[in-house]
Amino acid sequence: MAVIPGAKELLAIFGGKPVRSTLLPYGRQTVTEEDIAAVAATLRSDWLTTGPKVAEFEEAFAAKVGAKFAISFSSGTAALHAAVFAAGLKQGDEAITTPLTFAATANCILYQGATPVFADVHADTLNLDPDQVRIRITRNTKAILPVDYAGHPAELESFLKIAEENDLTVIEDSAHALGAEYKNRFVGSIAHMTVFSFHPVKHLTTGEGGMVTTDSEKFAENLRCFRNHGISSDARDRQAKGQWFYEMVVLGYNYRLTDIACSLGIPQLQRLDANLARRREIAKRYSTAFQAVPGVMVPNVRDEVRHAWHLYPIRLDLEKLTASRGEFFKALRAENIGVNVHYIPVHLHPYYQQRFGYRGGEYPVAERAYDRLISLPMFHGMSDQDVADVVLAVTKVAAAFVHEP
Ligand SMILES: *Cc1c(COP(=O)(O)O)cnc(C)c1O
């Protein structure tokens, strides 16, 4: 059935025909025959873990983002934990981060016994607001953890300036932003440490996996030590040198990424540019289509960045709609569009509420955004038909819920 823009059509949630017959997820990996062959070759090799593929993947990754060092981890969360360790955070220290993120960004501060302090976000990008960070700095503050929300780089220049003035470490959570650029530089080459995730919904996948990039030799050494039980040299090194002696010098973890995983990451990384181009194309189509849809607000992109589009979060203009975000969300799900919400602000999770006494209202910009956000499907493997289905479904649902003029 053809849809006349603005015309009302019976929504699937009210018994109408859904836009699609199968659910389109909000994110999904692409794995090629080449990837499978690369992993199979590793399975037949001498090294399943901490062998040549780890070094190859790390070197290729560092070169891609323009960093001196890239240190791989078993997950993005493990990578965040290691970065917080490398920055020297311990009990009594504080680190400032955004409430509008995945819980892991704040949890990693708690892992080291330090205290996460939240600061509110900007209404346009939903990224951490440097002015809000400034007013939360105390003598105990040791680090700032900005997040590149949805793939839009954080205000790195401001955070580096604040860090310099206050002797802090900037740990950028770039789990959403591999390939994004800030003032013509890739994220991963700018902050003191930058953290990436290779979960299947992210820009490239190793199943589970993560990476920290840095230009600091000292951070790199601490990161390598931390992921390997706090031992000062790795097994392959020792085998090469014919040594048995090793020393555990700090309390580390087993956070190593395997050769199996890295052999998947290598060809995935080679396709990053093509995948980014596809995500940017999809975002452009969405933004063009939704510009004219009343009740739907598209993401803002600042001039100084190139967005990496891990997510495409629309915000509802609730004043123009008869539906809440929850109803709008359910209506899209009924059309078989696999929407999601990023994120429930971290301070509103029961654990944080109970431990720190948050009750809501502390971070009004993030909380207001949370009530309006819906992440539409966004992944490089989406077909043109998938994109058209999302555009049609959002247009149809918005038309049904918009106030009569
Ligand atoms: C995905 C993600 C992480 C955690 O990564 P994992 O690899 O799943 O551990 C951390 N921060 C943000 C913002 C993320 O989106």
Side-chain angles (χ1 to χ4, degrees), residues 25-29 57 61 70-85 95-112 116 118-119 121 125-128 143-154 156 159 170-180 187-188 191 193-213 223 226-227 253-258 261-262 264-265 268-269 279 299 307-313 340-347 349 352 366 369-370 373 375 377-379:
Y26 91 91
R28 185 167 63 199
Q29 76 279 9
F57 184 43
F61 195 94
I71 296 92
S72 60
F73 288 86
S74 51
S75 69
T77 303
L80 278 167
H81 183 189
V84 167
F85 163 81
I96 303 174
T97 191
T98 164
L100 205 66
T101 184
F102 184 54
T105 317
N107 291 350
C108 68
I109 300 163
L110 291 172
Y111 293 162
Q112 283 305 102
F118 297 104
V121 296
T125 58
L126 304 183
N127 273 335
L128 191 59
I144 310 171
L145 284 84
V147 174
D148 303 326
Y149 177 77
H152 187 301
L156 298 172
F159 294 123
V170 177
I171 301 168
E172 181 185 0
D173 181 342
S174 282
H176 295 182
L178 176 57
V187 302
M193 285 182 270
T194 309
V195 179
F196 297 93
S197 162
F198 307 136
H199 181 277
V201 297
K202 308 285 165 69
H203 289 79
L204 74 82
T205 192
T206 57
E208 298 282 357
M211 192 77 85
V212 183
T213 60
L223 290 163
F226 190 73
R227 77 167 169 195
Y253 292 76
N254 178 354
Y255 277 164
R256 297 182 306 257
L257 191 59
T258 65
C262 289
L264 175 57
Q268 291 259 328
L269 182 64
R279 284 173 182 265
H307 204 300
W309 298 110
H310 161 56
L311 302 173
Y312 188 93
N340 215 315
V341 173
H342 300 93
Y343 289 94
I344 299 163
V346 179
H347 67 288
H349 283 297
Y352 280 86
Y370 168 59
L373 282 166
S375 298
M378 170 57 84
F379 53 95

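Each ligand, and each atom within it, is numbered from 1 in the order the structure gives. Please read these numbers as outputs of a predicted model, since none were measured by experiment.
- Close approach of ligand 1 to Y343 (heavy-atom distance below 4.0 Å) involves ligand atoms 15 (O).
- Between the side chains of R227 and S74, no donor-acceptor pair is found at a separation under 3.5 Å.
- At least one heavy atom of G209 sits closer than 4.0 Å to an atom of ligand 1.
- Within the 4.0 Å heavy-atom criterion, neither part of Y149 lies near ligand 1.
- Close approach of ligand 1 to T105 is summarised as follows: ligand atoms under 4.0 Å from at least one heavy atom of the residue are 11 (N).
- Atom 9 (O) of ligand 1 has T77 OG1, 2.5 Å as its closest protein atom, hydrogens excluded (heavy atom only).
- Taking both residues in full, the closest heavy atoms of G188 and F196 are given as CA-CZ, 3.9 Å, listed atom of the first, atom of the second, then distance.
- Contact detail for P99 and V121: the closest heavy-atom pair is CD-CG1, 4.5 Å.
- Summary of contacts: the protein heavy atom closest to atom 15 (O) of ligand 1 is H176 NE2, 2.9 Å.
- Heavy-atom proximity to S75, at under 4.0 Å, picks out these atoms of ligand 1: 7 (O), 9 (O).
- Of the listed residues (T213, T194, D148), just one forms a side-chain hydrogen bond (donor to acceptor under 3.5 Å, both in side chains) with S174, and that residue is D148.
- When only interatomic distances are considered, the shortest N/O to N/O separation between F198 and ligand 1 does not fall below 3.5 Å.
- Protein heavy atom nearest atom 5 (O) of ligand 1, with residue, atom name and distance: S197 OG, 3.3 Å.
- The aromatic ring centroids of Y343 and Y370 lie 6.0 Å or more from each other.
- With contacts defined as side-chain heavy-atom distances shorter than 4.5 Å, the pair T105/V346 does not qualify.
- Residue contacts with ligand 1 include K202, since one of its heavy atoms falls under 4.0 Å from the ligand.
- Checked by distance only, ligand 1 and D173 come closer than 3.5 Å through their nitrogen or oxygen atoms.
- Put simply, the side chain of N127 gets close to the backbone of H152: a donor and an acceptor are under 3.5 Å apart.
- For Y149 and H342, the distance between ring centers is not under 6.0 angstrom.
- For the pair F196 and ligand 1, no heavy-atom separation below 4.0 Å is found.
- Between H176 and H310, the ring planes lie tilted relative to each other; the angle falls in the 30° to 60° range.
- At under 3.5 Å, not a single nitrogen or oxygen of T101, backbone or side chain, sits near a nitrogen or oxygen of ligand 1.
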